[in-house]
Amino acid sequence: MIYVKGLKKTFGDMQVLSGVDMHIRPGEKVVIVGPSGSGKSTFLRCLNLLEQPTDGSIVFDGQEITAPGVDVNLIRRRMGMVFQHFNLFANLTVKKNIMLAPVQLKLKTKEEAEAEAMRLLKLVNLEEKADSYPAQLSGGQKQRIAIVRSLAMNPEVMLFDEPTSALDPEMVGEVLELMKRLADDGMTMVVVTHEMGFAREVGTRVVFMDEGVIKEENEPKEFFDHPKDPRLQDFLSKVL
Amino acid sequence: MEGFIEDLKLGIYQTFILDNNYQYFVRGIGVTLLVTAFALLIGLALGVLVGIIRSAHDQQPEKKKGIVLRVLNGICKVYLTVIRGTPTLVQLLIMWFVIWASARSTDENMIRCAILSFGINSGAYVAEIIRSGIMSIDRGQMEAGRSLGLNYTATMRHVIIPQAFKNVLPALGNELITLLKETSVVTVIGLKDLTKGAMLIQSKTYQAFVPYIAIAVIYLALVLVLSWILGKVERRLRQSDLR
């Protein structure tokens, strides 16, 4: 579904990604872990071109999206993204947050989008917040709404950029629970996270990134029980 | 003391009642408000345009800046530098005596000239206010919009600008108040605004105290009304911040 080849990214003199290769198959749940500054968020943001890769290629569903002249907006419609800081539109109510993109992109009429928004809100038990503004919600509520806002576009892949890192501890559970449900429904997911429990339980593959490259990747059990790379062993000993 | 009161009575009589002099104030308020209102509209239109171009330029990564954006940004920068670097009064004099030199000195022509001059002037200040507003919005808002497949313009229009506008409303209100008071310099081209009205009465009646205090009070009252309206609008827009 997504082929990444030799992906490189530099910010000024800083090499953040120094050649990453990855193949993400439909229905996979790839969990990316690693120390901060390892380039995992940058990698994720390159996948939907929020960061422009310096070098390398990304092929999504047979189309090379890093090629010049590609309509990025059409690609992004098919890839949902969830951010660490939720990034709900502060000037819009919850319902309108969800409706904005489908309506503006003429994928749905206002009525259809509203019905869909209410259906999605019901899914996360937040229908009574439909007319609230983001500032009136808790972090966990915001993140769940950010997730369903992405879902309203019917994406084929969901990218999660540390979705629980900015949450109070007691709200992490509700967000992870929603992500698990999404995973069970067969959504293809790429998740950057520090939640090792989630990686072990939900991930079909866990990837360890460090210093801008993939140091090790494996299915979760093997990854956590028998890490081979010394940096990964060190990392796991600190976080587990 | 008694002398002062007698003088004051005479002053009030001559300023307002004699020859229907109060008409100078009524018409003057009309002209002042007219110039302010239309200059504000031009200033807002120009300011939003320039502000967006400037911030689009500054927020775009170096490589992605097209030649068009660079040229537009250059033009905007020259405009901001010239307008903010020269006195409003001088701009008005140039507009009337140089650019409109061949126009006849009718009230309409002078009003048009004043509106254009103040509009262009105000636009420069509004532009910087708008730009600061846009820059103040967390870039996550833009990223969220783009990640959903909305383009830059749509995200600007539905997400960034509404928030930026709300954030800069106090500063815009300040600009409007400044503009209202600054229009008093139109007297130099002979336009009969509120200030000119007081000056005309002074030259007819040799009264200075009452006419000038009167227009000071009128300006103050106008500003108070504006502030009140702005406060209402601000509270309305703050709705989304309520917890």
Side-chain angles (χ1 to χ4, degrees), chain A residues 11-12 44-45 47-52 54 71-94 96-107 131-138 142 145-146 149-155 158-161 166, chain B residues 48 51-52 55-69 130 132-170 172 233-243:
Chain A
F11 290 108
L44 196 73
R45 292 161 57 82
L47 289 183
N48 71 349
L49 302 178
L50 276 185
E51 301 291 353
Q52 192 67 40
T54 317
D71 188 345
V72 195
N73 296 319
L74 286 178
I75 304 292
R76 287 183 181 142
R77 288 185 195 186
R78 301 162 61 194
M79 291 188 184
M81 175 123 184
V82 175
F83 300 86
Q84 182 178 358
H85 295 288
F86 333 125
N87 298 350
L88 291 180
F89 304 133
N91 59 317
L92 299 175
T93 61
V94 165
K96 290 195 170 142
N97 260 276
I98 302 171
M99 291 164 59
L100 181 68
V103 172
Q104 287 306 319
L105 297 170
K106 304 212 163 46
L107 303 174
D131 296 313
S132 304
Y133 285 94
Q136 299 162 322
L137 306 174
S138 74
K142 281 185 210 175
I145 285 158
R149 178 177 68 178
S150 292
L151 290 179
M153 292 295 293
N154 291 317
M158 287 283 282
L159 312 175
F160 292 86
D161 187 6
Chain B
V48 168
I52 289 175
S55 42
H57 178 271
D58 289 1
Q59 286 176 337
Q60 219 72 233
E62 208 49 49
K63 272 188 298 182
K64 281 175 95 180
K65 286 173 196 165
I67 181 78
V68 181
L69 188 57
I130 297 284
S132 75
I134 291 172
M135 296 302 229
S136 76
I137 305 301
D138 181 61
R139 56 183 280 222
Q141 296 281 310
M142 175 57 84
E143 287 182 350
R146 300 307 305 273
S147 80
L148 288 165
L150 295 168
N151 61 25
Y152 178 84
T153 316
T155 312
M156 271 306 228
R157 186 167 143 222
H158 296 286
V159 178
I160 310 294
I161 305 276
Q163 292 182 52
F165 190 75
K166 185 181 73 180
N167 287 356
V168 299
L169 204 67
L172 280 179
V233 177
E234 240 177 86
R235 271 194 296 281
R236 259 194 72 96
L237 289 180
R238 289 259 160 241
Q239 244 178 4
S240 60
D241 294 344
L242 298 178
R243 276 159 199 275

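Quick note on labels: first sequence line is chain A, next is B, and so on, each numbered from 1.
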TODO: Measure A:R78 against the heavy atoms of chain B and call it side chain, backbone, both or neither at under 4.5 Å.
DONE: neither
Open item on the list: For B:Y152, I'd like to know if atom OH has over 12 heavy atoms of other residues, nucleotides or ligands within 6.0 Å.
Closed with: yes
Task: Reported CZ-to-CE distance for the pair B:R146 and A:M81, which is rounded to 0.5 angstrom - done: 13.5 Å
Open item on the list: Just verifying a value: how many Å separate A:L49 CG and B:S147 OG, rounded to the nearest 0.5 Å?
Closed with: 12.0 Å
TODO: Could you check which of A:L88, A:L74, A:N48, A:L159 has the highest count of heavy-atom pairs closer than 4.5 Å to chain B?
DONE: A:L88
Open item on the list: Can you tell me how far apart CD (B:Q163) and CG (A:L92) are? Round to the nearest 0.5 Å.
Closed with: 7.5 Å
Open item on the list: With rounding to the nearest 0.5 angstrom, report the NE2 to CZ distance, A:H85 to B:R139.
Closed with: 11.5 Å
- [ ] State the CG-CD distance between A:N91 and B:Q141, to the nearest 0.5 angstrom.
- [x] 7.0 Å
Open item on the list: Testing the basics here: between A:F83 and B:A144, what is the closest heavy-atom pair and its distance to 0.1 Å?
Closed with: CE1-CA, 3.7 Å
- [ ] Please round to the nearest 0.5 Å and tell me the distance separating atom CE of A:M153 and atom CG of B:L150.
- [x] 7.0 Å
Open item on the list: If you define the side chain from C-beta out and look only at heavy atoms, does anything of A:L105 sit under 4.5 Å from B:L148?
Closed with: no
